[in-house]
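Note that these values count all heavy atoms, side chains included, but never hydrogens, waters or copies made by symmetry.
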Amino acid sequence: MSAYRRGGFLRFAAAQFVVLTAIAMALYAGGTWADPTTPHYELAHNFFSDLGATRAFSGRSNYVSAVVFAIALVTIGGALVAFAWTWRELAIERRARWAGIASVAFGTASGLAFAGVGLAPVDHVLALHNHLVLTAFGCLLGYVACLTIVVWRNHVPGLAVNVAYVMLVLGYVAVVVFGPWRLTLQVLAQKTIVYASMVHIIYLTTIVRRVVSRPPG
């Protein structure tokens, strides 16, 4: 598969993730960590991981939402793995080769971890699920940081947007690690970084597809 097509696949997966998680929210069987009586998914009180639980906080079966959530994550994870090698086409002048190789490792690890999150229900394997979430976002940060170096060294458009995204992820990490543990703050911060990541992926793949489709010279 060409870099152009891999970029298109990842862009499709990012858009599909947004749609499928919205569907999973609508199908969620209700309940939050603090209040199991809520009838629906609460944007400010339910984490994304709640969508993948086989049984919701309400005590009802949540398999339909969990399957949709798993499809969304496995698709975005697989697309990220496929996209990881596009640094070769992005680095027109082959500068920052070490950063490109590192981006492959980070991108592949992040994609596999995202797929794993979807296949590890939080209500069955909590420790594994949380470990995969941290790995997915940690490696995604490493991936974009390395790709930012490739973009900078090869004079490819998009440097400022990549830097802004890296800063946003660092801000999210600061909230999780050092910020006050308030459920609403943590939930909203998670949704912000997840959907910002999808927007950034769509932007990044658009830039890559433009670069690799340019005529030489």
Side-chain angles (χ1 to χ4, degrees), residues 7-28 32-33 38 40-53 62 65-84 106-107 110-120 122 129-130 132-145 147-148 158 160-177 179 182-209:
F9 178 38
L10 181 55
R11 183 164 61 176
F12 165 79
Q16 177 184 254
F17 179 89
V18 175
V19 173
L20 289 183
T21 52
I23 293 174
M25 289 176 189
L27 296 171
Y28 181 68
T32 69
W33 180 79
T38 56
H40 306 294
Y41 186 87
E42 300 284 339
L43 286 174
H45 298 96
N46 282 108
F47 285 100
F48 270 110
S49 296
D50 297 345
L51 297 173
N62 192 54
S65 174
V67 168
V68 174
F69 183 65
I71 292 172
L73 280 167
V74 169
T75 303
I76 193 71
L80 188 56
V81 171
F83 186 74
F106 279 122
S110 180
L112 292 175
F114 273 118
V117 170
L119 299 174
V122 67
H129 180 92
N130 288 339
L132 288 169
V133 169
L134 291 175
T135 301
F137 279 103
C139 289
L140 183 62
L141 175 60
Y143 174 66
V144 176
L147 213 56
T148 298
V161 175
N162 278 309
V163 171
Y165 175 76
V166 170
M167 297 305 295
L168 181 64
V169 176
L170 288 174
Y172 173 66
V173 171
V175 169
V176 172
V177 177
R182 296 176 182 171
L183 183 63
T184 300
L185 174 62
Q186 297 287 333
V187 168
L188 293 178
Q190 184 196 56
K191 286 186 174 62
T192 298
I193 195 60
V194 167
Y195 285 129
S197 296
M198 297 305 109
V199 172
H200 180 261
I201 283 173
I202 292 172
Y203 172 80
L204 182 62
T205 52
T206 300
I207 292 298
V208 170
R209 283 160 65 88

* **Audit row: F137, V194, side-chain contact (heavy atoms from CB on, under 4.5 Å) steps and yes/no** => CA-CA 9 Å; F137 279 103; V194 167; 3.6 Å; yes

Under the rule for side chain to side chain donor-acceptor pair (under 3.5 Å), what residues qualify as partners of [X], not counting sequence neighbours?
{"X": "H45", "value": "none"}
{"X": "N62", "value": "none"}
{"X": "T206", "value": "R11"}

Enter the distance from [X]:[atom1] to [Y]:[atom2] here, rounded to the nearest 0.5 Å.
{"X": "N46", "Y": "M25", "atom1": "CG", "atom2": "CE", "result": "9.0 Å"}
{"X": "F9", "Y": "T205", "atom1": "CZ", "atom2": "OG1", "result": "12.0 Å"}
{"X": "I193", "Y": "L168", "atom1": "CD1", "atom2": "CG", "result": "4.0 Å"}

ring-ring contact (aromatic ring centres under 6.0 Å, His included) partners for [X], two or more places apart:
{"X": "H200", "answer": "Y165"}
{"X": "F48", "answer": "Y195"}
{"X": "Y172", "answer": "none"}
{"X": "F17", "answer": "none"}

List for me each residue that meets side chain to side chain contact (heavy atoms under 4.5 Å, CB included) alongside [X], sequence neighbours excluded, and say none if there are none.
{"X": "L134", "answer": "none"}
{"X": "A164", "answer": "none"}
{"X": "I23", "answer": "V19, L20, L27, V68"}
{"X": "T135", "answer": "A113, H131, C139"}

Distance-only donor-acceptor hits, side chain of residues 71-81, under 3.5 Å, sequence neighbours excluded:
from, atom 1, to, atom 2, distance (Å)
T75, OG1, Q16, NE2, 3.3
T75, OG1, I71, O, 2.7

Minimal non-hydrogen separation, [X] against [Y], with atom names:
{"X": "L188", "Y": "A44", "value": "CD2-CA, 4.1 Å"}
{"X": "A120", "Y": "L132", "value": "CB-CD1, 4.1 Å"}
{"X": "Y28", "Y": "H40", "value": "CD2-C, 4.2 Å"}

* Kindly indicate, with the supporting measurements, whether the criterion side-chain contact (heavy atoms from CB on, under 4.5 Å) is fulfilled by I201 and F83. => CA-CA 10 Å; I201 283 173; F83 186 74; over 6 Å; no

* **Residue pair V166 / T148, side-chain heavy-atom distance below 4.5 Å** =>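 V166 reaches T148 side chain to side chain.
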
* **Under 3.5 Å donor-acceptor, S65 side chain and A24 backbone** =>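 Confirmed, S65 side chain pairs with A24 backbone.
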
* Under 3.5 Å: donor-acceptor pair, side chain of Y41, backbone of F47 ->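 Yes, Y41 side chain to F47 backbone: donor-acceptor pair under 3.5 Å.
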
* Step-by-step side-chain contact (heavy atoms from CB on, under 4.5 Å) determination, L185 to V175 -> CA-CA 8 Å; L185 174 62; V175 169; 4.2 Å; yes

